[in-house]
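Quick notes on the structure that follows.
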Amino acid sequence: MTFCDPMDPPIPEYTHLDHEQEEAGPSTTKTEEDDGPCCLVCGRVANTGHHYGVTACLGCKTFFRRVVLQKNSPKCKYKNQCRLEKSVNAKRLCRSCRYKKCLEVGMTEDALHPCRDVIGRRVRHHSVDSSPISTPPSISPQLSISKMISLCDGDHELLQTITEMDTDIRTRTARKLGVTDSEEEQIHFYSPTPDYTNVSVNHGIGPSLKVDIIYLKEWVNRIPGYPDLSARYQEHLMRRFCLRYTVIEHGLYTAQMPYHKNVWFLSDRTCLVSEFENLPEEIRRHLTPKVIREQKLLAPFTEMLIHDVADPLRKLKPDSIEIATVKTLMLLKPTCLKEVEGEYLATESDLKTVNEVRNRVIAGLYTHYIKSGMDQEQVPIRISEVLHLTGGVEVCAARALEEMHLLRVFNLSSFDQNSAEVIFGLYRDY
């Protein structure tokens with residue numbers, strides 16, 4: 001068998017591409033102008049990287065994955081004596097000998113990720129409803145997909161457990177705040193009265209966060225893996241997450257209230273106002289000169305909350321599993337490695353635990369979509385849309401901390417001792 005030689009002439013380009021050529025990618029050889037490692041299977045240089053344990057091009061990587069996942073057993077017509085020479089385009093000679101060569105150079109089936117390396121013919125469905133989550137289209141049964149789901153069932157169950165816990169705490173929070181939940185199931189389980197009755201303008205945001213902070217501690221301690229972290233890293237993650245938690249919760253509440261482009265609602269049925277024109281009468285009657293001054297101070301922040309959190313939530317309409325995923329990933333952030341007193345907050349064991357739970361949650365979300373019948377091509381799009389929510393929440397939570405400090409300095413809001421310790425405590429990642 002022969003491999004790459006810098007003096008070999010380039011392979012002629014073919015104008016007609018069949019299935020194997022599309023799988024293999026561009027037919028390119030190494031010349032004096034090309035630098036980089038050669039594919040150990042076919043000797044090519046273009047698009048070469050580390051795949052499934054060896055140096056290989058994208059074409060040979062795709063070929064190996066397809067054979068493994070589709071359970072193909074190619075047989076050589078020439079008694080396993082094919083010559084894999086790039087000068088005659090090795091990728092098109094013999095599937096059996098090419099697969100055998102993949103194994104000989106060290107490619108391993110164990111390197112395939114069951115929830116990532118899924119392949120197969122997809123069936124497109126056209127739906128009148130353009131929403132990717134409402135009445136999702138189905139996909140044809142695939143052996144590889146069934147195998148993937150069975151391997152990720154444990155991750156799906158883990159995410160369902162987190163979702164049930166999240167829903168339970170949100171429901172108890174709503175009841176403690178006097179919000180009655182209807183018998184009809186709601187996406188986010190707040191079920192607020194869909195009008196502006198009993199809504200008042202917020203006058204001191206500290207008390208409005210008190211109930212959220214109380215339940216926050218229970219929420220984080222019920223996340224798998226969190227109790228196993230070192231005490232200092234637990235404290236750091238919780239304090240960093242607290243305002244992200246409240247921004248998400250109040251964003252969900254706002255998304256369920258009647259839409260108003262200038263109003264952000266808190267779950268205790270108070271609100272923040274960014275502009276004062278065309279407000280509902282139920283809200284306008286609470287606007288005293290003092291309240292207006294306070295609301296103007298927070299107006300840029302209120303506008304940010306509405307634009308970056310409430311509006312995306314209304315548009316995306318995430319379900320409870322997606323919200324639980326976002327919150328878990330925002331809590332368990334492995335990049336929070338702030339150094340305090342000469343030591344990092346997170347140990348190596350902490351980071352390993354955090355990454356394991358994060359990976360399982362993402363795999364569980366993928367399985368949730370597949371089991372719900374979503375088109376396989378829509379899954380990565382939906383996941384990216386859900387994860388995109390974290391950007392707006394991160395920005396608003398960082399701004400919220402600045403606003404809390406401002407309100408505290410000018411005595412515009414009071415914070416009970418527990419809330420102040422969590423919001424303004426040490427070991428924060430600003």
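What you see is a predicted model; the values in this text were computed from it and never measured.
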field: CG-CD1 distance between L389 and I248, expressed to the nearest 0.5 angstrom
entry: 8.5 Å
statement: Between G364 and L159 the two heavy atoms that sit nearest each other are C-CD2, 3.7 Å
query: So, the side chain of E303 versus the backbone of S274: is there a donor-acceptor pair under 3.5 Å, distance only?
result: no
statement: d(T167 OG1, I162 CD1) to nearest 0.5 Å is 11.5 Å
- prompt: Do you know which two heavy atoms are closest between C396 and L305, and how far apart they sit?
  reply: CB-CD2, 3.7 Å
message: Ring centres under 6.0 Å, that's the criterion: do F241 and W219 meet it?
response: yes
Taking every non-hydrogen atom, the tightest pair across T328 and I223: OG1-CD1, 3.9 Å
query: Thinking salt bridges, do D212 and K176 make one under a 4.0 Å N-O criterion?
result: no
field: CA sep, side-chain torsions, deciding dist, call: Y253, R269, side chain to side chain contact (heavy atoms under 4.5 Å, CB included)
entry: CA-CA 9 Å; Y253 192 91; R269 291 191 76 79; 3.0 Å; yes
query: Got a donor-acceptor contact below 3.5 angstrom from the T246 side chain to the L243 backbone?
result: yes
task: Answer yes or no: is there an ion pair linking K327 with E249, defined by an N-O contact shorter than 4.0 Å?
output: yes
message: Regarding K217 and N418, do their side chains bring together a donor and an acceptor under 3.5 Å, going by distance alone?
response: yes
query: Do H51 and L58 come close enough that some side-chain heavy atom pair is under 4.5 Å?
result: yes
query: Salt bridge between R285 and E281, side-chain N to carboxylate O under 4.0 Å?
result: no
query: Roughly how far, to the nearest 0.5 Å, is the CE atom of M107 from the CG atom of L40?
result: 8.0 Å
- prompt: Taking side chain as C-beta onward, heavy atoms only, is R240 less than 4.5 Å from R244?
  reply: yes
Backbone of E394 reached by a side-chain donor or acceptor of R399 within 3.5 Å: no
- request: Verify, without hydrogens or angle tests, whether T254 (side chain) and F265 (backbone) share a donor-acceptor contact under 3.5 angstrom.
  value: yes
message: Minimum heavy-atom separation for D350 and L229, please, with both atom names.
response: OD1-CA, 3.4 Å
- line: Rounded to the nearest 0.5 Å, the OG atom of S413 sits from the CG atom of L209 at a distance of 8.0 Å
query: What is the distance from atom CG of L252 to atom CD1 of I323, rounded to the nearest 0.5 Å?
result: 4.5 Å
query: Would a 4.5 Å heavy-atom cut-off, applied to side chains only, mark C60 and R98 as touching?
result: yes
Sub-6.0 Å ring centroid separation between Y245 and Y215: no
- request: Mind listing the closest non-hydrogen atom pair of C102 and V105 along with its distance?
  value: O-CG2, 3.2 Å
query: I383 and side chain to side chain contact (heavy atoms under 4.5 Å, CB included): which partner among L387, I381, V386?
result: L387
query: Taking the six-membered ring of Y259, is the NZ or CZ of R314 close enough (under 6.0 Å from the centre) and on axis enough (within 45°)?
result: no
message: Could you check whether any side-chain heavy atom of K296 comes within less than 4.5 Å of a side-chain heavy atom of F276, counting everything from C-beta outward?
response: yes
- request: Give a yes or no on whether Q234 atom CD has more than 12 heavy-atom contacts from other residues, nucleotides or ligands under 6.0 Å away.
  value: yes
field: Worked verdict on V379 versus Y366 for side chain to side chain contact (heavy atoms under 4.5 Å, CB included)
entry: CA-CA 7 Å; V379 171; Y366 186 99; 3.6 Å; yes
query: Is a salt bridge present between E356 and R360, judged by a nitrogen-to-oxygen distance below 4.0 Å?
result: no
task: Please report the shortest heavy-atom distance between M330 and K333, naming the atom on each side.
output: O-CB, 4.2 Å
- request: Check whether any side-chain heavy atom of N202 sits under 4.5 Å from a side-chain heavy atom of C271, and report yes or no.
  value: no
field: Close side-chain approach of M257 to V199, heavy-atom, < 4.5 Å
entry: yes
task: Say whether, by atom type as modelled, one donor and one acceptor occur between the side chain of N359 and the main chain of N355 under 3.5 angstrom.
output: yes
- line: In this structure, CG of L298 is separated from CG of L272 (nearest 0.5 Å) by 6.0 Å
Residues D155 and T367: side-chain donor-acceptor under 3.5 angstrom: no
message: If the threshold is 4.0 Å, N to carboxylate O, is there a salt bridge linking R170 and D166?
response: yes
- prompt: Is the backbone of D319 close enough, under 3.5 Å, to the side chain of E322 for a donor and an acceptor to pair up by distance?
  reply: yes
- prompt: Is the side chain of R382 donor-acceptor paired with the backbone N or O of Y369 at a distance under 3.5 Å, no angle test?
  reply: no
message: Quick test of your reading of the model: are E348 and K352 salt-bridged, counting only N-O distances below 4.0 Å?
response: no
task: List the steps and the verdict of side chain to side chain contact (heavy atoms under 4.5 Å, CB included) for D153 and K371.
output: CA-CA 10 Å; D153 267 342; K371 284 191 170 185; 2.7 Å; yes
message: Using side chain to side chain contact (heavy atoms under 4.5 Å, CB included), reason through W264 and V309 one step at a time and then give a plain yes or no.
response: CA-CA 10 Å; W264 169 268; V309 180; 4.0 Å; yes
- request: Flag the pair T270 / V201 as yes when at least one side-chain heavy-atom distance between them is below 4.5 Å, and no otherwise.
  value: no
- prompt: Parallel, tilted or perpendicular: which describes the rings of Y196 and H260, with under 30° parallel and over 60° perpendicular?
  reply: perpendicular
field: Polar contact flag, side-chain donor to acceptor under 3.5 angstrom, D416-S419
entry: yes
message: Assess whether a salt bridge exists between E218 and R172, defined as any Lys/Arg side-chain N lying under 4.0 Å from an Asp/Glu carboxylate O.
response: yes
query: So, Y99 and E104: side-chain donor and acceptor under 3.5 Å apart, yes or no?
result: no
task: Could you tell me whether the side chain of E275 reaches within less than 4.5 Å of the side chain of K261, counting heavy atoms only?
output: no
